[in-house]
Number of protein chains: 2
Amino acid sequence: MPGDAGDTAPDRLTPVLRPVRAGNGFEEALEQILQVVRLGLVPDGGRLPAERVLAERLGISRVTLREVLKVLQDQGLVESRRGRYGGTFVLPRPRGGAAGGEDELRRRVAGVDVEDVLRFREVLEVGAAGLCAAHGTGGERAGRLRAALAATRDAPLADYRRRDTLLHLTLAELSGSPTLAAQYAAVRATVNDLLDCIPLLVRNLEHSQRQHDALVEAVLDGDADAAREIMREHCAGTAALLRGFLT
Amino acid sequence: MPGDAGDTAPDRLTPVLRPVRAGNGFEEALEQILQVVRLGLVPDGGRLPAERVLAERLGISRVTLREVLKVLQDQGLVESRRGRYGGTFVLPRPRGGAAGGEDELRRRVAGVDVEDVLRFREVLEVGAAGLCAAHGTGGERAGRLRAALAATRDAPLADYRRRDTLLHLTLAELSGSPTLAAQYAAVRATVNDLLDCIPLLVRNLEHSQRQHDALVEAVLDGDADAAREIMREHCAGTAALLRGFLT
DNA sequence: AAGCAATGGTTCCCCGCCATACCTTATGGC
DNA sequence: GCCATAAGGTATGGCGGGGAACCATTGCTT
């Protein structure tokens, strides 16, 4: 067979040649906005950026964006108000899964490679913790971290997940690598989906809280090794929980 | 001001709301194929997947893909041959930057956040090394790793970069997190661009080689802490070099 | 009360990309 | 020698999404 010498190993290309777009622009935009809501970056009653701004951030046209928002409105997740100081507002989730959000969750979680997610998440979190501790947190940054930590302490149970997410996301942002922060946001949205599938155990929350305290302390002390180790244990805890419940 | 209570912190959304597509499908496909070539996943003279296959992998139509390949042909990077056992073949790089590839490189490197790249890279590499060491490398996997390491040892200088990339990519693939592997491929393509901007020092290669040996040994021994530590130093070395040369 | 500014709501047209089908060339097997 | 096969090369029609301009509504400011 001619050309044999130069033939390529079969699937070496797999990591690189991923589809250029996951579905059409509409679906991807929908996914991202849902991510914002799921991550709790916009609290209940909070306002999303104006359509013109949001469309530009997402790199889609306003027309397409409006179709996305239309869907979210029909599902009762957001509400649009016109006029100055109007906008698109996030509605409080109708409690009790009346809107069939449960099926939606199952659908999203169905295709997830749990091991992939958990491993990737740990790598990012541990890395972020290490970076933060290593390159120091100047005054304002230390403040943000402490504030995020404090917010988790006096959180009502229903809002704990959201504040926990924000704490971790803060750490990722302070790592000094925007790419890391973006990737963490993506993977954390998936992790939250997974967590929504399993019961919330108060015992675990208390344990998490102690780890959070120790983690922030290590980071502010600049003790990178300690920060990494604590974060590794923290992630291992969640991972074990998820692996246990998700068959 | 009404609605003040629910207003969103200004740029908390930055990590999530990234453009749904970087440029149009054409550009993104071009970027990915260039990535394959830059990473050396297809050696000189090697064949890319058939157009129909490649188009499907990239999630674009064959028409669009052919426009991309047309550009690459015009630049003398690939060559298409018809008939059975034909295909699209990667041409050896015309030495000495005759084709103005230098400007192309500068252009690509211009907008790169070097700190972001270096940090993110280290996080992924260290994480991959730790995962590989921790969850064990079964027989076939250990073989792949050893083979990749051996290939770097007797590499001609001109091919060292490529084999080094393949070694690291192998580690990323063996981490058990496809997402990590994909992200590493992307960031490594950028790192290679950066490395192309600075001189190649033989002293550094020897040092790297010793680190590679130690790294693989630690991984195969299942010593995660050692693997992580070696990888951290390895990355720090490259990072220092790049920070030094790139202003 | 008038006007301005910021927002959501609507319409139009055009381009890029896709799906499909078909043609052409080269190689190996019968 | 013929033909099946696998690859690149070409042509056409349709439509989803983008850009831009405009309308409608609201509330602050003067």
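Chain letters run A, B, ... following the sequence lines, proteins first and then strands; every chain starts at 1.
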Practice problem: Find the distance A/Glu51:CD to D/dA24:C1' and express it as a whole number of Å. | Solution: 13 Å

Practice problem: Nearest whole angstrom, please: distance from the P of C/dC18 to the CG of B/Leu58. | Solution: 10 Å

Exercise. Round to the nearest Å and state the distance from B/Arg47 atom CZ to C/dA26 atom C1'.
Key: 13 Å

Quiz item: For the side chain of B/Arg52, counting heavy atoms from C-beta on, which of C/dC18, D/dG8, D/dG19 is nearest?
Solution: D/dG8

Exercise. State, with a plain yes or no, whether a side-chain heavy atom of B/Arg57 is found less than 4.5 Å away from one of A/Thr14.
Key: yes

Quiz prompt | B/Arg38 side-chain N/O to B/Asp193 backbone N/O, donor-acceptor pair under 3.5 Å | solution = no

Quiz prompt | Closest to the A/Arg62 side chain, choosing from C/dA5, D/dG18, C/dT10 | solution = C/dT10

Quiz item: Can you tell me how far C1' of D/dG27 sits from CZ of A/Arg84, to the nearest Å?
Solution: 7 Å

Exercise. Round to a whole Å and report the spacing from CD of A/Glu28 to P of D/dG16.
Key: 18 Å

Quiz item: Of all the nucleotides listed (D/dA7, C/dG28, D/dT25), which has the minimum atom distance to the side chain of A/Arg82?
Solution: D/dT25

Exercise. Scan B/Ile60 against the nucleic acid and name what it touches under 4.0 Å (heavy atoms): base, sugar-phosphate only, or nothing.
Key: sugar-phosphate

Quiz item: DNA chain D: A/Ser61 or A/Gly83, which has the more 5' nearest nucleotide?
Solution: A/Ser61

Practice problem: For the residue pair A/Tyr160 and A/His212, categorise the inter-ring angle as parallel (less than 30°), tilted (30 to 60°) or perpendicular (more than 60°). | Solution: parallel

Quiz item: Starting at the 5' end of DNA chain C, which residue's closest nucleotide do you reach first, A/Val63 or B/Phe26?
Solution: A/Val63

Quiz item: Considering heavy-atom distances to DNA chain D, does B/Pro49 or A/Glu67 have its closest nucleotide positioned more toward the 5' end?
Solution: B/Pro49

Quiz item: For the pair made of CG in A/Leu65 and C1' in D/dG19, what is the distance, rounded to whole Å?
Solution: 15 Å

Practice problem: Grab the OH-P distance between A/Tyr85 and D/dT26 for me, whole Å please. | Solution: 16 Å

Quiz item: Looking at C/dT7, C/dC17, C/dA5, which one has an atom nearest to any side-chain atom of A/Ala50?
Solution: C/dT7

Practice problem: Report yes or no: is the cationic atom of A/Arg81 (NZ for Lys, CZ for Arg) closer than 6.0 Å to the six-membered ring centre of A/Phe89, at no more than 45° off its axis? | Solution: yes

Self-check item: For atom NZ of B/Lys70 and atom C1' of C/dG16, their distance in whole Å
Solution: 18 Å

Quiz item: Closer than 4.0 Å, any side-chain N/O of A/Ser80 to the OP1 or OP2 of C/dT7?
Solution: no

Quiz item: Under 4.0 Å: is that the gap between some side-chain N or O of A/Arg66 and OP1 or OP2 of C/dG9?
Solution: yes

Quiz prompt | Phosphate contact (D/dG18 OP1 or OP2) by A/Thr64 side-chain N/O below 4.0 Å | solution = yes

Exercise. Identify which one of B/Arg162, B/Arg161, B/His168 satisfies the side chain to side chain contact (heavy atoms under 4.5 Å, CB included) criterion when paired with B/Asp164.
Key: B/His168

